[in-house]
Asker: 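Sharing a structure below in structure tokens format, with a few things to ask.
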Amino acid sequence: MRGQRDDAVLGRRVAPPPAPPERRGRGRSGPPRNPLTPLGWVSVVMTVVLVAGLLGAYGYYRYVLSGLETEPIEAGANRPPETGALNVLLVGSDSRDGDNKVYGAKSQGTGERTDTIMLLHIAPNRDNATVISFPRDTMVQIPECEGRGGAVLPAGIRQINSAFNDGGINCTIRTLESLTNIKINHFVKVDFTGFKSIIDAIGGIEICLPKPVNDPQAKLQLGAGKHVVNGEQALGYVRTRYSLGDGSDLSRIQRQQVFLTKVAEKVTDGGLLTDPARLNSFVQAAVGAVTVDEELTVDRMLEIADSVRGLTAKELKGITVPVEPYPPDTDRVQFAQPAAGNFFESVRNDVEVTAAPTPGKSAAPKIEHSQVRVQVLNATGEQGKAGQVAEELAAQGFVVTHVGNAAQAATTTIRYAKKDAQDGPAYGDVVAARLSKDKRTPVEGKIKPLTAEPYESKAAKTPGGPVIQLVIGADWPGVRVLSAIPDSLKDKVVDTSTNPCL
């Protein structure tokens with residue numbers, strides 16, 4: 001960039017960019033005490049990328065963002081498949097190097113640890129986001145990994161945070177992918193000083209305390225009620241454990257998730273994106289605060305920014321993986337099954353990508369599930385399959401008219417009658433959108449069932465329009481769930497409506 005340049009969005013001239021933010025010597029060190037539990041990554045993952053995409057000063061922000069510290073993702077060859085979702089791992093490093101030495105100078109040079117492991121899951125159509133927290137005391141099967149010193153770490157059952165403590169970010173990614181079968185696309189790592197600088201740059205966050213807190217270990221002393229906390233106080237708030245709630249890590253996680261929604265609200269709704277000075281301060285702080293993977297390039301950030309442009313804090317939901325006491329040691333927990341397995345499956349199969357209307361053409365009126373009648377036929381030979389699928393579709397609002405059997409078929413098809421050639425494809429597409437994996441194209445012409453019987457529908461009224469025939473073949477992909485959070489976990493969700501006085 002030479003001299004000054006016009007900024008079409010800001011309506012003013014922008015001076016040549018300053019040098020990228022100086023790194024603060026945040027090497028790999030940190031003790032097991034006073035763990036960091038930072039949530040400033042929401043600003044980084046969901047907003048720093050928005051910054052570059054929403055502002056006209058593209059060249060300037062490209063230059064600044066080029067100062068990000070990076071590490072490669074090397075999680076092995078056998079990784080889960082891509083689903084169209086965006087999954088970003090957050091870890092909070094408790095490094096005591098550089099400016100972080102004020103939290104334990106004697107621990108410098110002893111490695112870094114984490115008690116914060118979260119996964120930001122943004123649905124394929126980018127209309128909702130789920131923050132999944134993994135409690136640090138969860139006992140899991142950790143796969144064989146390369147340790148920080150290069151030695152091989154054997155596979156075994158250990159605390160989930162030991163994957164990072166002993167093997168670093170790549171062992172953490174490998175562990176989470178093996179446990180969830182969810183592909184992790186990117187990671188963001190933030191430390192004490194980085195978290196504080198981000199909170200300070202956005203002007204602090206309002207919190208609510210149900211009682212006075214005096215926690216010397218977390219460096220937090222505040223009275224009951226609402227407070228706008230700066231970086232240092234915010235760090236203490238998300239670190240404190242025994243002074244609030246029931247003293248458990250699960251209680252602290254819920255409080256962190258509430259804090260996270262407040263950060264998202266402040267960033268997206270607090271005027272930051274329209275205030276050039278605050279925005280520039282935030283970007284500079286964020287770049288100096290985090291370490292990201294090498295694939296999270298500026299161009300990738302712009303791509304993500306464009307895809308999540310309409311996402312607001314209201315679509316951000318927090319959830320903790322279902323856990324239960326670990327029998328050999330009840331001070332630890334383990335994944336509660338089948339709830340945890342069902343939850344991970346829900347995340348893997350969530351909302352489909354919605355195609356954008358063709359430019360220049362008005363979008364057709366949306367067809368709701370309740371407007372679609374479906375006949376479900378089983379062509380797999382597996383007994384009861386039609387009834388099972390009918391229940392899943394009915395639960396999503398479809399009006400199932402009949403269930404039955406058809407001659408065995410290798411391929412699942414969605415069919416409409418020849419007489420419905422005008423409207424059939426659109427109604428068939430609504431059914432196709434609820435099937436997992438690749439999108440199926442509805443075909444003209446129905447088949448004759450071997451058997452069929454009426455299905456008892458719970459719909460208030462039967463709609464008009466064509467009846468779509470779903471023929472379940474041997475390659476049946478399953479029905480997509482409507483949300484990454486199953487109904488059984490709805491009461492565990494944290495969002496912008498959750499009481500902040502926890």
Asker: Measure across P216 and N214 and return the closest heavy-atom pair with its distance rounded to 0.1 Å.
Answerer: CD-O, 3.5 Å

Asker: Would you say the side chains of N161 and Q159 form a donor-acceptor pair under 3.5 Å?
Answerer: yes

Asker: Are more than 12 heavy atoms from other residues, nucleotides or ligands located less than 6.0 Å from atom NZ of K492?
Answerer: no

Asker: Given side chains that start at C-beta, do those of N185 and K183 come closer than 4.5 Å, heavy atoms only?
Answerer: yes

Asker: Answer with yes or no whether the side chains of S133 and Q256 bring together a donor and an acceptor at under 3.5 Å.
Answerer: no

Asker: How long is the straight-line distance from CG of L296 back to OG1 of T70, given to the nearest 0.5 Å?
Answerer: 10.0 Å

Asker: Using the six-membered ring of F164, assess whether NZ or CZ of R148 lies under 6.0 Å from its centre and within 45 degrees of the ring axis.
Answerer: yes

Asker: What closest approach, in Å, do T380 and A474 show between heavy atoms, and which atom pair accounts for it?
Answerer: CG2-N, 4.2 Å

Asker: Is a side-chain donor or acceptor of T175 paired with a backbone partner of C171 at a separation under 3.5 angstrom?
Answerer: yes

Asker: Heavy-atom count check: over 12 atoms from other residues, nucleotides or ligands less than 6.0 Å from N78 CG?
Answerer: no

Asker: For R79 and A75, which heavy atoms make the closest approach, and how far apart are they?
Answerer: NE-CB, 3.8 Å

Asker: Below 4.5 Å, heavy atoms only, C-beta onward: do E144 and L153 meet side chain to side chain?
Answerer: no

Asker: For a 4.5 angstrom cut-off between non-hydrogen side-chain atoms, does L250 reach V323?
Answerer: yes

Asker: Hey, would you say the F335 and F343 ring centroids sit under 6.0 Å apart?
Answerer: no

Asker: Please step through side-chain contact (heavy atoms from CB on, under 4.5 Å) for the pair V213 and Y237, ending with a clear verdict.
Answerer: CA-CA 9 Å; V213 173; Y237 175 74; over 6 Å; no

Asker: Taking atom CD of Q337 as the centre, does the number of heavy atoms from other residues, nucleotides or ligands within less than 6.0 Å exceed 12?
Answerer: yes

Asker: Mind checking whether H186 and E295 have side chains closer than 4.5 Å, heavy atoms only?
Answerer: yes

Asker: So, R434 versus Q396: side-chain donor-acceptor pair below 3.5 Å or not?
Answerer: yes

Asker: Are any of the side-chain nitrogens in R241 or D246 under 4.0 Å away from the carboxylate oxygens of its partner?
Answerer: no

Asker: If you define the side chain from C-beta out and look only at heavy atoms, does anything of I160 sit under 4.5 Å from L179?
Answerer: yes

Asker: Measure across P500 and K262 and return the closest heavy-atom pair with its distance rounded to 0.1 Å.
Answerer: CB-CE, 4.1 Å

Asker: Determine, step by step, whether V333 and Y326 satisfy the side-chain contact (heavy atoms from CB on, under 4.5 Å) criterion, reporting the C-alpha distance in whole Å, the side-chain angles of both residues, the deciding distance to 0.1 Å, and the verdict.
Answerer: CA-CA 4 Å; V333 295; Y326 179 59; 5.5 Å; no

Asker: I need the minimum non-hydrogen distance between P325 and T330, along with the two atoms involved.
Answerer: CB-CG2, 4.5 Å

